[in-house]
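To start, the structure under review is shown below, and the notes come after it.
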Amino acid sequence: MTAIEKISTPARLAKPTADPSHGLPVVRRSSLVPSGFVRCGLLSWRVVAGVVHIAHPFDEGSVSDAGVVDGLVSLVEAGVLSGQEQFEAAALGIIRTSAELRTDAWSAFYRNSLRELRCGISAFAPVHHRARALLRGRSVLEVGCCFGFFALGCAMEGFDVSACDISPGAVSLLSAAARRQGVSVDAMVGDATALPYPDRSADTVTLIHLLEHLDGSAAATAITEALRVARHRVVIGVPFEEQPSPHFGHVLRLRESDLHSWARQVPHAGAEVFDDHGGWLVLTPRRGALR
């Protein structure tokens with residue numbers, strides 16, 4: 001996952017930009033700071049009748065994961081936005097209004113974000129680079145793929161890629177992006193705690209910046225499921241934060257000790273824990289009984 005991909009991406013992905021009657025941010029594109037708005041980093045804002053209005057400069061040439069998140073985090077730090085629902089609505093609103101047509105907006109968002117990840121411009125590029133270096137075999141399953149930047153990057157490098165997410169909207173966006181990129185990603189709706197895949201059906205299973213969204217019990221179940229599906233390796237990456245970021249939907253504050261604790265809770269044939277732009281737990285599935 002990248003920065004925006006930390007959002008849980010529920011079915012609201014398919015709905016239009018936030019409706020003021022629901023108290024969610026209202027977003028519009030403007031190359032200049034509109035009258036009555038306050039500049040805050042890349043974005044500007046004002047409050048009307050209790051509703052936050054956001055103006056952004058992003059167009060098809062500039063809208064990307066890194067840019068959108070940098071702008072919105074500035075609003076969070078300034079106290080303008082709070083909570084996952086507001087952050088998510090604002091992020092999706094910026095993406096959708098970056099072009100006249102929604103399809104053009106999403107196409108530009110994927111194109112620019114993938115370019116920034118490949119070039120290393122995105123702050124999340126080192127996480128993707130490390131995760132790809134840890135893959136074993138040719139088939140990869142990304143669990144909790146969300147927008148699917150990691151899955152797409154793997155497919156573009158020639159891996160046989162599957163991906164799942166609990167959000168139908170995210171899966172649809174990923175499938176469309178894969179078609180535009182001319183690569184194959186077998187994306188489907190699926191819950192990390194009950195994966196819709198057979199035993200040992202992927203060489204490597206990844207859970208990248210996913211487990212911080214789950215409670216402790218669900219996280220352990222998701223790891224057990226990943227070990228069931230993986231033939232050679234399970235790769236887990238998590239952020240280390242002083243406090244869970246509510247605007248990203250994080251519910252767990254994770255440290256290296258948590259990764260060791262997870263390794264003790266699940267059956268495996270080997271575990272490695274290390275720190276590199278967050279924490280990593282790499283597990284080898286047992287070759288014998290799965291349960």
Ignoring hydrogens, what is the shortest heavy-atom contact between [X] and [Y]? Give both atom names and the distance.
{"X": "Leu141", "Y": "Val229", "result": "CD2-CG1, 3.9 Å"}
{"X": "Val33", "Y": "Ser44", "result": "CG1-CB, 3.9 Å"}
{"X": "Ala90", "Y": "Val27", "result": "O-CG2, 3.9 Å"}
{"X": "Ala163", "Y": "Leu174", "result": "CB-CD2, 3.9 Å"}
{"X": "Arg96", "Y": "Ala105", "result": "O-CB, 3.8 Å"}
{"X": "Leu42", "Y": "Gly71", "result": "CD1-N, 4.1 Å"}

ask   = To which residues is Ile121 joined in a hydrophobic cluster, defined by side-chain heavy-atom contacts under 4.5 Å among Ile, Leu, Val, Met, Phe, Trp and Tyr, whether direct or through other members?
value =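 None; Ile121 is a cluster of one.
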Apart from Val48 itself, residues in the same hydrophobic cluster as defined by side-chain heavy atoms under 4.5 Å =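 Grouped by the 4.5 Å side-chain rule, Val48 forms a cluster of one, so the answer is none.
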key: Partners meeting side-chain hydrogen bond (donor to acceptor under 3.5 Å, both in side chains) with Ser62 (sequence neighbours left out)   =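 Ser62 satisfies side-chain hydrogen bond (donor to acceptor under 3.5 Å, both in side chains) with Asp59 once adjacent residues are dropped.
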request  = Decide yes or no on side-chain contact (heavy atoms from CB on, under 4.5 Å) for Phe274 and Val282, but give the supporting numbers first.
outcome  = CA-CA 9 Å; Phe274 60 93; Val282 180; 4.0 Å; yes
ask   = According to the interplanar angle, ranging from 0 to 90°, do the rings of Phe248 and His250 count as parallel (below 30°), tilted (30 to 60°) or perpendicular (above 60°)?
value =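 Rings of Phe248 and His250: tilted, as their planes differ by 30° to 60°.
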key: Contact list for residues 147-162, test salt bridge (Lys or Arg N to Asp or Glu O under 4.0 Å), sequence neighbours left out   =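 Of all non-adjacent pairs touching residues 147-162, those that pass salt bridge (Lys or Arg N to Asp or Glu O under 4.0 Å) are Arg132-Glu157.
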key: Pairwise side-chain hydrogen bond (donor to acceptor under 3.5 Å, both in side chains) hits with a residue in residues 181-198, at least two apart   =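 Output for this query lists Asp191-Thr193.
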key: side-chain hydrogen bond (donor to acceptor under 3.5 Å, both in side chains) partners of residues 25-43, not counting sequence neighbours, each pair once   =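 Listed once each, the pairs would be none.
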key: Asp276: partners by salt bridge (charged side-chain N to carboxylate O under 4.0 Å, His left out), with sequence neighbours left out   =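 By the salt bridge (charged side-chain N to carboxylate O under 4.0 Å, His left out) rule, Asp276 matches Arg130.
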Residue list, salt bridge (charged side-chain N to carboxylate O under 4.0 Å, His left out) with Asp203, at least two apart or on another chain =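 Applying salt bridge (charged side-chain N to carboxylate O under 4.0 Å, His left out) to Asp203 gives Arg231.
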Can you find a side-chain donor-acceptor pair between [X] and [Y] that sits under 3.5 Å?
{"X": "Thr221", "Y": "Glu225", "value": "no"}
{"X": "Gln86", "Y": "His247", "value": "no"}
{"X": "Ser64", "Y": "Glu116", "value": "yes"}

Residues in side chain to side chain contact (heavy atoms under 4.5 Å, CB included) contact with [X], at least two apart in sequence or another chain:
{"X": "Val251", "result": "none"}
{"X": "Ala192", "result": "Val143, Leu210, Ala222"}
{"X": "Ser74", "result": "Cys40"}
{"X": "Thr284", "result": "Ala269"}

ask   = Rounded to the nearest 0.5 Å, what separation is found between the CD atom of Glu88 and the CG atom of Leu72?
value =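 CG of Leu72 is found 11.5 Å from CD of Glu88.
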Ring-ring centroid check Phe58 Phe109, cutoff 6.0 Å =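 Between Phe58 and Phe109, the centre distance exceeds or equals 6.0 Å.
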task = Determine whether more than 12 heavy atoms belonging to other residues, nucleotides or ligands lie under 6.0 Å from atom NE2 of His232.
result =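 More than 12 heavy atoms, drawn from other residues, nucleotides or ligands, come within 6.0 Å of this atom.
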